[in-house]
Amino acid sequence: MTRPRSLQHRTARASVGRRPAFTATVFAAVAGTVLAAAATTAPTATAAEPARSVPVINGDFTEPSFTASGSGDKLRGWTVQYPYRLLPADAAHPDNLPALLLRNKRATDQSVSQRLRGVRTGAKVTITFDDNTGACTGAQLANGQPYTLQGSGGPQQKITTDPGSTDWHRGRTYTFTAGENEPLITFASTQTTGRWECGPLIAKVRATHVPPLVDKTVPKNRLPAPEAFEGNNRIDTRTAADHCASARNNCTYTVDSTYSYTYYDKARIIGETYLNCTRNTVEHDRPVRFTGRSQDNLSQQAGIDRLPNLKDNLNQQFETGVTKSSSEPWRWTTTADRKIHEIIEAGEASWIEAQPGRQRTDGWFTSDTDDPDKQIRLYVVADGPSPLVPDRIYQRTGPMTSAEQQRCRSDRPTAPTPVDADAPASATDRDD
């Protein structure tokens, strides 16, 4: 006798009076079924990683090339309305570096900001830099020049250059926990009086971060939201995806191996549950088919269905990036056929579960440009059937519930011709 069972029903029912189900290893030995070999589990970080260097674009304020001290040209990699840089000779920095003046705020906000690329939400970030006082005299030099530094998700730190000193203060630090991917760091003068050129000078900006641990609790149907940036600005995700897809080589997908991993999904029931209502052990070969498919955060969160489309340039860029980091190509769908030699003792129920091997791929599409202020970046996560981790298949058995036992004892119409276990009579019980 057979009847379909949902995963939810069988999972709940299996906890009521069932004896422990066979493991994959035991079932392979007892039932002789060819099962998937145990796979290597993706490593999980158990301790904080050491601090890593973070690239700060133009952290020495050397680009573009100077036309003169005080050059007002756009400052490469930084967002600032009116940059004012001092040549190394005028800055008098011990390392012979230029310096950037944070003008006072008499008229407009003179903040200077940049996104730290490659830094993730939850990372512990440390900024180091040097500071000094600009062309100040009198009380403003004696009291020092005030300014602030803040990173996305962290507190605003108030800083004052060394009062009464014209020497560089080396190695100031600011530490914060990133509240977003690619957190924005912002230096801003808080001086509102006096000459405009009297303000804090900053130089030699550097950064390190301690990455957050890998979070493997995020389910495949709730992947993190995609994000997109152009330079230091957030942009619409669809705009970034369309840009990358408009030409085959517009963008490159780079896998972040630290946050990409293989894993086993939750086991699910496939096929029907068999109830052995006879007084004898039943043995038969059961054909089993199970399928899998990929999911991605562009489709889930933004309604952008480009990634699974094999003819789309975004798909080609993604697959090329995955191939560079993996020995096997990406799988968008998979179908597996197995034959299970099923053994069902008298009075027992039997069902088959599959535990798919999957992989999470985390990374960024980056546009092909040398201009950091025009570079487009698109954060994409995909989760799909893994060719690196074999699926697991289990035969589960256990005593029938009271309701099932009653069902076995009830009167039922009998098929006119005996039917064996290889071809069960699916329409025998016509009253159901």
Side-chain angles (χ1 to χ4, degrees), residues 52-59 63 74-80 112-123 125 127 151-153 178-186 205 207-209 211-212 214-215 218 223-260 296-307 312-325 330 360-383:
R52 302 179 185 177
S53 176
V54 177
V56 178
I57 299 171
N58 197 19
E63 300 178 43
K74 182 174 176 61
L75 190 62
R76 180 179 173 90
W78 295 87
T79 298
V80 53
V112 178
S113 58
Q114 180 179 147
R115 289 197 177 274
L116 298 178
R117 302 175 189 189
V119 177
R120 289 178 173 265
T121 303
V125 184
I127 309 297
S152 303
E180 61 178 344
N181 286 335
E182 298 203 352
L184 191 72
I185 59 169
T186 303
V205 181
T208 62
H209 72 136
V214 182
D215 183 2
V218 179
L223 297 173
E227 299 178 75
F229 303 92
E230 181 176 8
N232 294 321
N233 300 316
R234 283 189 177 272
I235 61 173
D236 180 67
T237 302
R238 187 175 294 276
T239 300
D242 289 346
H243 171 81
C244 289
S246 62
R248 180 67 179 272
N249 297 320
N250 264 12
C251 294
T252 300
Y253 185 75
T254 303
V255 175
D256 189 335
S257 58
T258 301
Y259 295 92
S260 301
D296 66 89
N297 61 351
L298 285 178
S299 301
Q300 284 182 6
Q301 307 274 1
I304 302 171
D305 297 325
R306 286 187 173 280
L307 212 57
D312 196 285
N313 286 325
L314 207 66
N315 169 280
Q316 300 297 316
Q317 294 159 9
F318 175 82
E319 292 197 4
T320 299
V322 171
T323 300
K324 290 180 180 179
S325 66
W330 183 260
R360 183 74 52 88
T361 296
D362 187 303
W364 292 81
F365 286 92
T366 306
S367 64
D368 183 22
T369 177
D370 293 330
D371 185 351
D373 300 303
K374 297 296 183 181
Q375 185 189 65
I376 290 176
R377 304 177 302 286
L378 175 63
Y379 175 60
V380 169
V381 182
D383 190 295

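Numbers here are sequence positions counted from 1. As the structure is a computational prediction, the values presented were derived from the model and not from experiment.
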Query raised in the report: Are the side chains of Lys74 and Asp373 in touch, meaning some heavy atoms are under 4.5 Å apart?
Result: yes
**Report entry** From CA spacing to verdict: side chain to side chain contact (heavy atoms under 4.5 Å, CB included), Thr239, Glu230
**Finding:** CA-CA 10 Å; Thr239 300; Glu230 181 176 8; over 6 Å; no
Query raised in the report: Should Leu307 and Trp330 be marked as a side chain to side chain contact (heavy atoms under 4.5 Å, CB included) after you check the CA-CA gap, both sets of side-chain angles, and the distance that decides it?
Result: CA-CA 12 Å; Leu307 212 57; Trp330 183 260; over 6 Å; no
Requested in this report: Please round to the nearest 0.5 Å and tell me the distance separating atom CZ of Phe365 and atom CD1 of Ile376.
Outcome: 13.0 Å
**Report entry** Nearest-0.5 Å distance that lies between atom CZ in Phe229 and atom OG1 in Thr366
**Finding:** 11.5 Å
Query - Gap separating the CD atom of Glu319 from the NZ atom of Lys324, nearest 0.5 angstrom - result: 13.5 Å
Report task. Give me the one residue out of Thr237, Asn297, Ile304 that meets side-chain contact (heavy atoms from CB on, under 4.5 Å) with Val380. Result -> Asn297
Query raised in the report: Mind checking whether Arg360 and Leu223 have side chains closer than 4.5 Å, heavy atoms only?
Result: yes
Query raised in the report: salt bridge (Lys or Arg N to Asp or Glu O under 4.0 Å): which pairs involve residues 241-258, sequence neighbours left out?
Result: Arg120-Asp256, Asp242-Arg306
Query raised in the report: CD1 of Ile57 to CG of Leu116: how many Å apart, nearest 0.5 Å?
Result: 9.0 Å
Requested in this report: Quick one: do Thr361 and Phe318 satisfy side chain to side chain contact (heavy atoms under 4.5 Å, CB included)? Show the steps, please.
Outcome: CA-CA 10 Å; Thr361 296; Phe318 175 82; 4.3 Å; yes
Query - Contacts of Thr121 that satisfy side-chain hydrogen bond (donor to acceptor under 3.5 Å, both in side chains) - sequence neighbours left out - result: Asn181
Requested in this report: Would you please name every residue forming a side-chain hydrogen bond (donor to acceptor under 3.5 Å, both in side chains) with Arg117, sequence neighbours left out?
Outcome: Gln375
Requested in this report: Measure up the Tyr379 and Trp364 rings against each other and bin them: parallel (under 30°), tilted (30 to 60°), perpendicular (over 60°).
Outcome: tilted
**Report entry** Asp236 atom CG, over 12 foreign heavy atoms within 6.0 Å
**Finding:** yes
Query raised in the report: Say you draw a straight line from CG of Leu75 to CD of Gln114; how long is it, rounded to the nearest 0.5 Å?
Result: 9.0 Å
Query raised in the report: So which heavy atom on Leu314 is nearest to which on Leu298, and how close?
Result: CD2-CD1, 3.7 Å
Query raised in the report: Do you know which two heavy atoms are closest between Val119 and Ala178, and how far apart they sit?
Result: CG1-CB, 4.2 Å
Query raised in the report: Residues in salt bridge (Lys or Arg N to Asp or Glu O under 4.0 Å) with Asp368, at least two apart?
Result: none
Query raised in the report: If every non-hydrogen atom of Asp312 is compared with every non-hydrogen atom of Ala245, which pair is closest and at what distance?
Result: OD1-CB, 3.6 Å
**Report entry** Donor-acceptor contact present, side-chain Ser260 to main-chain Asp362, <3.5 Å
**Finding:** yes
Report summary line: Taking every heavy atom of Gly77 against every heavy atom of Asn232, the minimum-distance pair comes out as O-ND2, 3.3 Å
Requested in this report: State, with a plain yes or no, whether a side-chain heavy atom of Arg52 is found less than 4.5 Å away from one of Thr258.
Outcome: yes
Report task. List the steps and the verdict of side chain to side chain contact (heavy atoms under 4.5 Å, CB included) for Asp383 and Val381. Result -> CA-CA 7 Å; Asp383 190 295; Val381 182; 5.9 Å; no
Requested in this report: Quick one: pull up CD in Glu63 and CG in Asn58 and give me the separation to the nearest 0.5 Å.
Outcome: 5.0 Å
Requested in this report: Indicate yes or no: at least one non-hydrogen side-chain atom of Val218 is less than 4.5 angstrom from one of Pro224.
Outcome: yes
Report summary line: side-chain hydrogen bond (donor to acceptor under 3.5 Å, both in side chains) filter on Asn313, not counting sequence neighbours, yields none
Query raised in the report: What pair of heavy atoms forms the shortest contact from Tyr253 to Gln317, and how long is it?
Result: CB-O, 3.5 Å
Report summary line: Closest non-hydrogen contact found for Lys374 with Ser367 is O-OG, 4.2 Å
**Report entry** Cationic N near anionic O, under 4.0 Å, Glu180 to Arg115
**Finding:** yes
Report summary line: Taken in chain and number order and not counting sequence neighbours, the residues that satisfy salt bridge (Lys or Arg N to Asp or Glu O under 4.0 Å) with Arg238 are none
